[in-house]
2 protein chains.
Amino acid sequence: MKPKSTHATLHDVAELAGVSHQTVSRVINDSPSVSENTRQRVLEAIQQLNYQPNHTARALATRRSLTLEIVTFGVGYYGPAQMMGGVERAAKARGYRLFFSNLDRLTYADMRETVEDLKRQQVEGVVLIAPVRSVLYEELIKERNNIPVVQLATQKDVTFPSIIIDQHLGSRLATQHLIDTGHSSIAAISGPLHWNDAAARHEGWLDTLQDNHLNPVNWTEGDWSAASGYRAAHELVDHGAKFTALVIANDQMALGAILALRERGLRIPEDVSIVGFDDIPEASFFDPPLTTIRQDFSTLGEQSVEYLVEIIADPESAAGQRVLTPRLILRKSHR
Amino acid sequence: MKPKSTHATLHDVAELAGVSHQTVSRVINDSPSVSENTRQRVLEAIQQLNYQPNHTARALATRRSLTLEIVTFGVGYYGPAQMMGGVERAAKARGYRLFFSNLDRLTYADMRETVEDLKRQQVEGVVLIAPVRSVLYEELIKERNNIPVVQLATQKDVTFPSIIIDQHLGSRLATQHLIDTGHSSIAAISGPLHWNDAAARHEGWLDTLQDNHLNPVNWTEGDWSAASGYRAAHELVDHGAKFTALVIANDQMALGAILALRERGLRIPEDVSIVGFDDIPEASFFDPPLTTIRQDFSTLGEQSVEYLVEIIADPESAAGQRVLTPRLILRKSHR
DNA sequence: AATAATCATGTGAACGTTCACATATAAGTT
DNA sequence: AACTTATATGTGAACGTTCACATGATTATT
């Protein structure tokens with residue numbers, strides 16, 4: 001009497017179909033060398049027993065887990081969340097399953113633990129959302145260079161496999177547009193500068209001003225939150241430096257800043273023009289609708305899996321950084 | 001000559017330490033019955049070979065994968081994303097790894113595929129974020145009732161293991177507050193009504209009006225997006241029914257509505273009071289700062305794992321629904 | 001001093017697959 | 001007709017663990 005609780009195995013199917021376990025294995029792996037006759041018989045038995053191949057056993061035998069892992073930092077943020085969606089979609093399409101791991105803090109211990117786990121779990125490749133400047137990433141990558149890793153949102157011009165959106169360019173787009181429309185006093189609210197994207201956007205702003213022989217009026221650092229944008233904008237006007245335009249490193253901070261400026265009696269865009277970053281879905285409904293630099297985080301996520309799969313198939317193909325281009329979306333927060 | 005590329009195994013360690021593989025197994029599993037002497041010797045060998053236990057092999061032998069899966073619908077939405085964070089944190093704390101799977105569409109085929117995969121992957125339990133009304137969930141749960149499932153954001157008073165936030169109550173809190181502060185013409189913008197939370201919030205609004213012998217002035221259905229809130233608010237004033245307050249089923253739609261109402265020359269809160277739902281981080285920086293019903297999605301996620309782990313340990317403990325309570329956050333969008 | 005109980009260790013099978021072969025039959029060549 | 005080749009199937013080991021049991025050495029009990 002077979003216990004009903006346990007799953008049917010290859011041998012159970014083989015017995016029922018009157019063939020060897022290996023033949024069943026051939027059937028479920030679409031091997032050509034099995035006669036149509038027996039194939040049918042086996043398929044019936046599979047159906048009848050509701051057999052499902054055991055992925056664990058298969059992974060052990062083949063040494064392939066068909067599993068990827070996404071290690072992220074800050075699921076709460078808009079960018080990373082979007083990337084995750086893209087990664088999941090692409091992984092599923094490629095027949096991979098996805099482990100999900102979040103790093104709340106970037107301590108060495110935490111990262112170490114995560115990496116050790118990677119080994120134990122037999123993961124075939126890793127998408128690492130590494131938006132924060134940190135040597136740890138590189139260390140760990142090197143240390144574990146037998147497991148393919150693609151990094152997202154890392155620094156520019158880095159030599160290991162990675163994909164980024166060209167934030168420096170995005171910032172140029174934003175700043176130059178303001179200059180082209182007549183502004184010469186352009187302040188900024190940056191993201192936390194230890195974040196790669198924040199740093200690149202900040203430098204893009206600085207470089208563009210310099211190229212146009214303009215001086216940076218003033219700037220403050222925020223932490224991506226609307227709250228910090230609100231505080232930063234207040235600070236900026238407190239400091240007394242006059243500005244007619246403001247480049248703000250993400251849309252949430254822009255929202256906070258808009259509120260703060262309004263509280264100070266400044267009208268947007270009449271008194272100050274604003275450009276944000278990201279183009280979150282809400283940006284069109286800010287008051288006024290926000291001009292911003294759109295980031296396609298979702299395809300960034302998808303592409304990372306494409307790249308990763310290439311590397312898994314052929315480790316030699318691992319070569320450097322790929323770059324996506326952001327886009328200026330014009331709305332009503334500037335003039 | 002050992003190939004360096006392959007991982008060290010239990011036997012390699014055993015050989016180096018001069019003990020049997022079983023003794024090594026005992027050491028890595030903290031078995032008490034191994035002498036301090038040999039334990040040290042083994043630990044040294046482990047260190048020296050940089051040995052990592054193979055999780056796959058262990059899972060095969062023990063029939064325990066120490067793996068949970070989170071199946072979500074719509075990573076893009078604020079609620080689900082927050083829940084995911086909570087689930088991940090709790091799973092890691094309990095020593096579980098987490099598979100991540102997203103359902104873009106709720107077709108039978110897609111869900112079926114996901115569930116089949118669950119079996120194959122030897123997952124010990126599933127957190128199912130099931131925010132949309134659908135018989136499919138129940139079907140699948142029943143069909144697979146040997147694998148523990150905890151559902152999130154499902155319907156109220158459902159009999160299988162699940163955790164929800166009491167949206168009906170939340171909506172009561174919102175509506176009653178408006179009534180208590182003198183409003184009697186209270187319109188609403190609901191979420192898509194096939195979403196459980198949307199339906200519950202909608203009914204909460206209706207019931208509260210009824211309890212106070214008030215008639216629902218008017219309402220429209222949105223799709224959670226700011227864009228739909230914008231459209232809905234315009235529609236509402238187009239229809240000509242006068243209202244002095246508006247209950248809006250999430251904060252994003254509230255943002256859109258605020259913009260629309262302003263375009264119609266209505267001031268907030270002087271002409272119309274607004275209450276939203278969720279308390280997204282940006283809500284404090286809307287103009288005006290939004291009064292809203294806070295949802296603790298993150299602990300919802302955490303608790304789902306607690307519950308799930310209980311069920312895994314003792315299937316008998318699977319009992320019904322747990323309910324969390326939302327909270328009214330007063331800000332400036334009402335009077 | 002003899003027996004039982006405990007402790008530390010080892011042995012071989014099992015988990016459910018695939019892999020590398022071996023074998024048997026059928027079909028194609030010269 | 002004899003020999004190669006292709007096709008269909010089976011056999012046993014391997015993947016890296018744990019499990020159930022067996023053994024030998026030590027300690028406790030009477």
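The chains referred to below are lettered A, B, ... by the order of the sequence lines, with proteins before strands, and numbering in each begins at 1. None of the values given here were measured: they were computed from a predicted structure.
Judged purely by distance below 3.5 Å, without hydrogens or angles, the side chains of S298(B) and R89(B) pair a donor atom with an acceptor atom. Under 3.5 Å, the side chains of E44(B) and Q40(B) contain no donor-acceptor pair of N or O atoms. Residues D296(A) and T299(A) bring a donor and an acceptor atom of their side chains to less than 3.5 Å of each other.
The NE2-C1' distance, from H11(B) to dG10(C), rounds to 12 Å in whole Å. In this structure, the CZ atom of R64(A) is 16 Å from the C1' atom of dT17(C), given to the nearest Å. One can place CG of L60(A) at 14 Å from P of dC15(C), the figure rounded to the nearest angstrom. When the P atom of dG16(C) is taken as reference, atom CG of N29(A) falls 17 Å away, rounded to whole Å. Atom C1' of nucleotide dG16(D) and atom NE2 of H7(B) are separated by 12 Å, given to the nearest angstrom. Regarding Q122(B), its CD atom lies at a distance of 13 Å from the P atom of dC15(C), rounded to whole Å. Atom C1' of nucleotide dT18(D) and atom NE2 of H55(B) are separated by 14 Å, given to the nearest angstrom. Taking atom CG on D12(B) and atom P on dT17(D), their separation rounds to 9 Å, with Å as the unit.
Below 30°, between 30° and 60°, or above 60°: for H21(A) and H11(A) the angle between ring planes is below 30°, a parallel geometry. In this pair, F99(B) and F99(A) present their aromatic rings parallel. The plane angle is below 30°, not in the 30 to 60° band.
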Which letters describe nucleotides 23-29 of chain C, given B = protein heavy atom under 4.0 Å from base, S = only from sugar-phosphate, - = neither? -------
Under a 4.0 Å heavy-atom criterion, the protein footprint on nucleotides 7-12 of chain D, written with B, S and -, is -SBBBB
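Between R322(B) and E310(B), at least one side-chain nitrogen of the basic residue sits less than 4.0 Å from a carboxylate oxygen of the acidic one, meeting the salt-bridge criterion. A salt bridge is absent between R120(B) and E69(B): the closest approach of a Lys/Arg side-chain nitrogen to an acidic carboxylate oxygen does not fall below 4.0 angstrom.
Contact between the side-chain N/O atoms of N54(A) and the OP1/OP2 oxygens of dC15(C) is not found at any separation under 4.0 Å. Residue S25(B) places at least one side-chain N or O closer than 4.0 Å to OP1 or OP2 of dT18(D). Between T9(A) and dT17(C) there is a side-chain polar atom (N or O) within less than 4.0 angstrom of OP1 or OP2.
A distance-only check finds no donor-acceptor pair linking the side chain of K156(A) to the backbone of Q321(A) [under 3.5 Å].
The CD1 atom of I312(A) sits 12.5 Å away from the OH atom of Y307(A) when rounded to the nearest 0.5 Å.
Each of R58(A) and S31(B) was assigned the nucleotide of DNA chain C with the nearest heavy atom; the assignment lying further toward the 5' end belongs to S31(B).
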